[in-house]
Asks: 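Take a look at this one; I'll ask things after.
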Amino acid sequence: MAKVLIAGGAGFIGSHTCLVLLEAGHQLVVFDNFSTGSPESLRRVQELTGTAGSDRLRVVEGDIRRPLDLSKAFATGWGRFDAVIHFAGLKAVAQSVHEPLLYWDVNVGGSQHLLAAMAEHGCHTLVFSSSATVYGLPERIPIPETAAVLPINPYGHTKAAVERMLADLAASDGRQAPEGGEPRSGGWRIARLRYFNPVGAHSSGRIGEDPQGPPDNLFPYVSQVALGRRPRLQVFGGDWPTPDGTGIRDYIHVMDLAEGHLATLEALWNEPPQLLTLNLGSGRGYSVLEVVRAFERASDRMVPFDLVARRAGDAAHSVADSSEALRRLGWWARRDLSQMCADGWAWQQRHPQGYRSAG
Ligand code: UFG
């Protein structure tokens, strides 16, 4: 049983990962400022894993930009943490264009504070939530991890900057001295996980994605249209160089993604210190129209849509070469598009207003 600090553990991917780690027997401290995540998601994670009242999951409210909050989180464990998983950050591409300094402050500044706290408290194992957004407009599909890192928006720049910070840290072999103290030895074990498009929900329909305001992303938008909460979907571009003219993405079930984090932790713990960089995607691409049809089948509802102009900053294709994750972790995305739609729909139907819905 390991002790893991989950920064940003109350969000969409974080909450599903907490569930998988609790089921694997680990002890967790979730650190979250609840700006986008929900404490209710964690209550339900405890309920689903039968850990309510067991002290296997502790929650510390705080902000990764505040060293005092971080100190509180590191003092809340059961001694030294065996790893940190870092989900805490902002992820709306359009907002990042309007508020770049906020994105640099939270995503880059916050990560720097978290890493400093890890060094100070002798924890050198980290899984970082990066994104396929670091590839920008990819030159070839599927995208291998060796492809150029050339993001095209401020959000992507912040993810690439943290990736760079982690590479520098890995190369330093973890010998930072805490203020006034002895340098610590021991190499860093770091994974940079580049997520493709996470969707779906836990099959119970009790936890899922809960965007605040109109969703930026296709899946939550489609499910709100199916529900009747929004009238029509806008399909951004019908003239992409793809078979049906709409954009192609690599959608991955959030439970597969969560299991990928557990597999990554196990690899980091069992192997010598390293810097691991992996795509987490399914390796399969679907167009917007294919997603709409699959969602209609899963929900037995109509998803009316209009074809409109392309969205600025979109690429035609984004599909992972997922072979490295299979080779390094023995992990692959097992759940297919129909399951992503069915599970996402079960969550949406039971929670028309997300965690604000009763029950
Ligand atoms: N789309 C629509 N209508 C919508 C929303 C999206 O047609 O209302 C289309 C997009 O144009 C794109 C596809 O659906 O072709 C997927 O769009 P998303 O916004 O769901 O996802 P993106 O691939 O644009 O971006 C997502 C995350 C980023 C992350 C990136 C990684 O939002 O944070 O995946 O590739 F970096």
Side-chain angles (χ1 to χ4, degrees), residues 4-23 26-66 69-70 72-73 76 84-92 95 102-103 106-107 110 114 129 131 155 195 197-217 219-224 227 229-230 253-255 257-258 261 340 343-359:
V4 186
L5 177 68
I6 318 276
F12 175 43
I13 306 170
S15 56
H16 288 77
T17 303
C18 286
L19 186 144
V20 166
L21 294 187
L22 286 171
E23 280 178 343
H26 300 306
Q27 287 182 301
L28 312 180
V29 173
V30 169
F31 181 68
D32 204 300
N33 67 359
F34 300 116
S35 65
T36 55
S38 157
E40 178 62 16
S41 69
L42 297 174
R43 204 188 60 71
R44 294 185 182 194
V45 163
Q46 289 178 298
E47 165 203 300
L48 288 166
T49 53
T51 57
S54 75
D55 196 36
R56 296 253 320 278
L57 185 153
R58 295 181 186 171
V59 180
V60 175
E61 184 168 357
D63 193 303
I64 49 168
R65 292 168 293 178
R66 288 201 211 106
D69 290 1
L70 285 164
K72 201 164 76 175
T76 304
V84 172
I85 307 185
H86 176 21
F87 295 106
L90 298 173
K91 66 173 182 86
Q95 185 193 19
L102 176 68
Y103 273 67
V106 175
N107 292 0
L114 177 60
S129 298
S131 166
Y155 164 66
Y195 309 151
N197 290 58
V199 300
H202 185 256
S203 57
S204 64
R206 295 284 292 155
I207 56 172
E209 189 170 13
D210 185 16
Q212 318 291 310
D216 297 310
N217 299 116
F219 244 81
Y221 210 102
V222 165
S223 59
Q224 293 189 8
L227 194 71
R229 187 170 152 190
R230 298 188 187 277
H253 196 294
V254 65
M255 286 301 295
L257 194 56
H261 288 74
M340 298 179 212
D343 291 341
W345 176 239
W347 154 256
Q348 182 71 74
Q349 224 182 355
R350 290 179 65 169
H351 302 86
Q353 305 295 329
Y355 288 110
R356 289 173 305 286
S357 307

Asks: Out of curiosity, H261 NE2 to T17 OG1, how far, rounded to the nearest 0.5 Å?
Replies: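 Result: 5.0 Å between the selected atoms.
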Asks: I'd like to check I85 versus L21 (side-chain heavy atoms, cut-off strictly below 4.5 Å). Are they in contact?
Replies: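 A side-chain contact under 4.5 Å exists here.
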Asks: Under 6.0 Å between ring centres: does that hold for H86 and F31?
Replies: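 No, too far apart.
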Asks: Look at the side chain of R44 and the backbone N and O of R206, then say whether any donor-acceptor pair between them is shorter than 3.5 Å.
Replies: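 Yes, the answer is positive, given that a donor and an acceptor are paired below the 3.5 Å cut-off.
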Asks: When you compare the side chains of Q95 and Y103, does any donor N or O come within less than 3.5 Å of an acceptor on the partner?
Replies: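 Their side chains do contain a donor-acceptor pair, which is all the 3.5 Å distance test asks for.
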Asks: Can you confirm whether the side chains of D343 and H253 place a donor and an acceptor under 3.5 Å from each other?
Replies: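 Yes, H253 and D343 have a side-chain donor paired with an acceptor closer than 3.5 Å.
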Asks: Identify the two heavy atoms, one from A10 and one from L42, that lie closest to each other, and give their separation to 0.1 Å.
Replies: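 Result for this residue pair: CB-CD1, 4.0 Å.
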Asks: Measuring from atom CG of D32 to atom CG of D69, what distance do you get when rounded to the nearest 0.5 angstrom?
Replies: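 It is 11.5 Å, given to the nearest 0.5 Å.
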Asks: For the residue pair Y195 / S129, report whether a side-chain donor-acceptor contact shorter than 3.5 Å exists.
Replies: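 Short answer, yes.
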Asks: Counting C-beta onward and ignoring hydrogens, is there a side-chain heavy-atom pair between V4 and V84 closer than 4.5 Å?
Replies: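 Not in contact.
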Asks: Measure the shortest side-chain to side-chain distance between V29 and V60 over non-hydrogen atoms and say whether it is less than 4.5 angstrom.
Replies: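 Answer yes - side chains close enough.
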Asks: Assess the pair W347 and F12: is the distance between their ring centroids shorter than 6.0 Å?
Replies: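 Ring-ring flag for W347/F12: false, centres at least 6.0 Å apart.
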Asks: Could you state the interatomic distance from CD (Q349) to OG (S357), rounded to the nearest 0.5 Å?
Replies: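 Q349 CD to S357 OG: 12.0 Å, rounded to 0.5 Å.
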Asks: So, taking the atom named NE2 in H202 and the one named CD1 in I207, what distance separates them when rounded to the nearest 0.5 Å?
Replies: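 Reported to 0.5 Å precision, the distance equals 6.0 Å.
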Asks: Run the ring-centre check on F87 versus H16 and record whether the distance is less than 6.0 Å.
Replies: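 No, the ring of F87 stays outside the 6.0 Å limit from the ring of H16, centre to centre.
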Asks: Considering all heavy atoms of both residues, which atom of S41 and which atom of S15 are nearest to each other, and what is their separation?
Replies: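 Distance-wise, the nearest heavy atoms are OG-CB, 3.9 Å.
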Asks: With T51, which of D55, L48, T49 fulfils side-chain contact (heavy atoms from CB on, under 4.5 Å)?
Replies: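 Testing each of D55, L48, T49 against T51, the sole residue satisfying side-chain contact (heavy atoms from CB on, under 4.5 Å) is T49.
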Asks: Quick one: closest heavy-atom pair of Y155 and K91, and the distance?
Replies: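 Closest approach of Y155 to K91: CE1-CA, 3.5 Å.
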Asks: Is the backbone N or O of F219 less than 3.5 Å from a side-chain atom of N217, with the two atoms forming a donor-acceptor pair by type?
Replies: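 Between the backbone of F219 and the side chain of N217 there is no qualifying donor-acceptor contact (under 3.5 Å).
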Asks: Where do V20 and A258 come nearest, in terms of heavy atoms and distance?
Replies: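 Smallest heavy-atom distance, with atoms named: CG2-CB, 3.7 Å.
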Asks: Hey, could you give me the CG/CD distance between D210 and Q353, rounded to the nearest 0.5 Å?
Replies: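 One gets 9.5 Å once the value is rounded to the nearest 0.5 Å.
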Asks: Quick check: closest heavy atoms across Q46 and L57, and the distance to 0.1 Å?
Replies: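 Reported closest heavy-atom pair: NE2-O, 3.6 Å.
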Asks: Taking all non-hydrogen atoms of both residues, which atom of V106 and which atom of G89 are closest, and how far apart?
Replies: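 Distance-wise, the nearest heavy atoms are CG1-CA, 4.1 Å.
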Asks: For a 4.5 angstrom cut-off between non-hydrogen side-chain atoms, does M255 reach L19?
Replies: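 Side-chain contact under 4.5 Å: yes.
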Asks: A side-chain contact here means heavy atoms from C-beta on lying under 4.5 Å apart; do R58 and L28 qualify?
Replies: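 No, every pair of side-chain atoms sits at 4.5 Å or beyond.
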Asks: Can you measure from CD (Q212) to OG (S38) and round to the nearest 0.5 angstrom?
Replies: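 Output value for this atom pair is 8.5 Å.
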Asks: Just do the side chain to side chain contact (heavy atoms under 4.5 Å, CB included) check on V199 and V254 with the steps written out, would you?
Replies: CA-CA 6 Å; V199 300; V254 65; over 6 Å; no
Asks: Scan side-chain atoms only and decide if Q224 and R230 contain a donor-acceptor pair under the 3.5 Å cut-off.
Replies: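 Checked: Q224/R230 side chains pair up, N/O donor to acceptor below 3.5 Å.
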